[in-house]
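Notes to accompany the following structure.
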Protein chains: 2
Amino acid sequence: MDAVFRALADPTRRQLLDSLHARNGQTLNALCAEMDMTRQAVTKHLAILEEANLVTTLRKGREKEHYLNPVPINEIAERWIGKFERHRLDALSDLKKRLEREEP
Amino acid sequence: MDAVFRALADPTRRQLLDSLHARNGQTLNALCAEMDMTRQAVTKHLAILEEANLVTTLRKGREKEHYLNPVPINEIAERWIGKFERHRLDALSDLKKRLEREEP
DNA sequence: TAAATATGCAACCATTTGGTTGCATGTCAA
DNA sequence: TTGACATGCAACCAAATGGTTGCATATTTA
């Protein structure tokens, strides 16, 4: 899960995920076209996404297709974000009460 | 939002959020007690969490209380993760179909 | 087969990051 | 008021990160 969080930390990688979300199965060159950096830099980002299991690749001759895998993101939403969301309103009202009480 | 993602990328900072989730309003020293690093290192992590608006502080005399702010996490869940979750099953079945079709 | 195309690998570099140590400041309490 | 305690600030350092360039390999296609 750490790998997923670290992978999501970079804006370029989130942009790559967005791009795949818009059009799934894009080739490396296709993805590079919209990124303002060298192909090798994009390759590295994709490798990180792949290692975090956020992207799955499929070799097709000399091309490599990239597919978005939303499962790890879903797991984060379920396991980690969910527990903070659950107490969202509670925590907010707690904070509000505290602030009102402590700073008259 | 970039600041939130980057803040969440570090395991120490997620641990700090967990700690505040378990017991809200902890002081810096209290938080340091469970972290295996110097107070100054923890201070830096808390500063990053504060800048990402994930933690709110309240000065209380010579102590500083830290409160979890779940709103940014909720925003991420809503605005960013939601759109990937929405197509989760679709994307999975798409991928499955493709793999079956392309690799007989 | 030869040229063009798509990707892979590795060395290298600047900046950021995560941590340290040392000292300063502010507040509580005896 | 003085000593202890909680926090703040700054310089410094090693390692990770994000990017580059150069060259190698594999697959089309003319």
Side-chain angles (χ1 to χ4, degrees), chain A residues 1-20 23-68 98 102-104, chain B residues 1-20 23-68 98 102-104:
Chain A
M1 191 179 78
D2 196 53
V4 181
F5 272 109
R6 284 214 324 275
L8 292 177
D10 187 89
T12 301
R13 291 194 285 270
R14 292 200 302 275
Q15 194 184 336
L16 284 168
L17 291 181
D18 282 340
S19 179
L20 288 178
R23 191 156 35 101
N24 211 9
Q26 285 183 75
T27 174
L28 172 60
N29 255 354
L31 288 168
C32 286
E34 15 188 340
M35 302 294 155
D36 197 24
M37 63 186 67
T38 61
R39 174 179 55 83
Q40 287 81 351
V42 176
T43 302
K44 285 191 188 178
H45 283 298
L46 286 171
I48 291 172
L49 289 171
E50 210 174 333
E51 197 180 306
N53 205 28
L54 283 161
V55 161
T56 302
T57 63
L58 192 52
R59 201 61 198 246
K60 197 78 84 50
R62 69 176 161 180
E63 294 185 341
K64 194 177 182 183
E65 292 176 348
H66 297 77
Y67 294 92
L68 174 64
R98 250 180 200 275
E102 306 296 348
E103 295 184 324
Chain B
M1 193 179 77
D2 195 52
V4 180
F5 272 109
R6 283 214 324 274
L8 292 176
D10 187 271
T12 301
R13 291 192 286 269
R14 292 200 301 275
Q15 194 185 335
L16 284 169
L17 292 181
D18 283 340
S19 178
L20 288 179
R23 190 156 37 101
N24 212 9
Q26 286 182 76
T27 173
L28 172 59
N29 256 355
L31 288 168
C32 286
E34 17 188 339
M35 301 294 155
D36 197 25
M37 64 186 67
T38 60
R39 175 179 54 85
Q40 287 80 353
V42 177
T43 302
K44 285 191 188 178
H45 284 298
L46 287 171
I48 291 172
L49 289 170
E50 212 175 330
E51 196 179 309
N53 206 29
L54 283 162
V55 162
T56 301
T57 64
L58 193 52
R59 200 63 198 244
K60 197 78 82 53
R62 67 177 162 178
E63 294 185 340
K64 194 176 180 182
E65 293 176 348
H66 296 76
Y67 294 93
L68 174 65
R98 249 177 202 276
E102 306 296 348
E103 295 183 325

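Throughout, protein chains are lettered first and strands after them, A, B, ... in sequence-line order, and every chain is numbered starting at 1.
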query = Roughly, in whole Å, what's the span from CZ in A/Arg59 to C1' in D/dT25?
reply = 10 Å
query = Can you check whether A/Arg39's main-chain N or O pairs, donor with acceptor, with A/Thr43's side chain at less than 3.5 Å?
reply = yes
query = Are OP1 or OP2 of D/dT7 and a side-chain N or O of B/Thr43 less than 4.0 angstrom apart?
reply = no
inquiry  = If you only use heavy atoms from C-beta on, which nucleotide in D/dT7, C/dG18, D/dG18 is closest to the side chain of A/His45?
reply    = D/dG18
task = Look only at the side chain of A/Arg14 and the backbone of A/Leu8, and say whether a donor-acceptor pair between them is shorter than 3.5 Å.
result = yes
key: For B/His66, the option from B/Val55, B/Leu16, B/Asn24, B/Thr27 that meets side-chain contact (heavy atoms from CB on, under 4.5 Å)   = B/Val55
message = Looking only at the side chain of B/Ile48 (C-beta and beyond, no hydrogens), which of the listed nucleotides D/dG19, C/dT20, C/dG18 gets closest?
response = C/dG18
query = For the side chain of B/Ala41, counting heavy atoms from C-beta on, which of D/dA6, C/dT20, D/dT21 is nearest?
reply = C/dT20
task = Tell me which nucleotide among D/dT7, C/dT7, D/dG18 gets nearest to the side chain of A/Asp10.
result = D/dG18
Integer-rounded Å distance: C/dT20 C1' and B/Met35 CE = 18 Å
Among D/dG19, C/dG8, C/dT20, the one nearest A/Thr12 by side-chain distance = D/dG19
inquiry  = Just the rounded figure in Å: distance from P of D/dG18 to CD of A/Gln15.
reply    = 14 Å
query = Which heavy atom of A/Ala7 sits nearest a heavy atom of A/Arg13, and at what distance?
reply = O-NE, 2.8 Å
query = Is any side-chain nitrogen or oxygen of B/Lys64 closer than 4.0 Å to OP1 or OP2 of D/dG8?
reply = yes
remark   = Between CE of A/Met37 and P of D/dT17 the distance, given in whole Å, is 16 Å
Phosphate OP1/OP2 of C/dT7: any A/Asn29 side-chain N/O under 4.0 Å = yes
query = For C/dT21, does either OP1 or OP2 sit under 4.0 Å from a side-chain N or O belonging to B/Arg39?
reply = no
task = Provide, to the nearest angstrom, the distance between the CD atom belonging to A/Glu65 and the P atom belonging to D/dT27.
result = 15 Å
message = Can you give me the closest heavy-atom contact between B/Gly25 and B/Tyr67, atom names plus distance?
response = CA-CE2, 3.4 Å
request  = Specify the separation, in whole Å, of atom CD of A/Gln40 and atom P of C/dC13.
outcome  = 17 Å
key: Of A/His66 and A/Lys44, the one whose closest DNA chain C nucleotide lies more 5'   = A/His66
ask   = Within this structure, what is the CG-to-P distance between B/Leu28 and D/dA6, rounded to whole angstrom?
value = 10 Å
query = How close or far is atom C1' of C/dT27 from atom CD of B/Glu63, stated in whole angstroms?
reply = 10 Å
query = From the list C/dG26, D/dT21, C/dG19, which nucleotide is the closest neighbour of the side chain of B/Arg62?
reply = C/dG26
Side-chain N or O of A/Thr38 closer than 4.0 Å to phosphate OP1/OP2 of D/dG19 = no
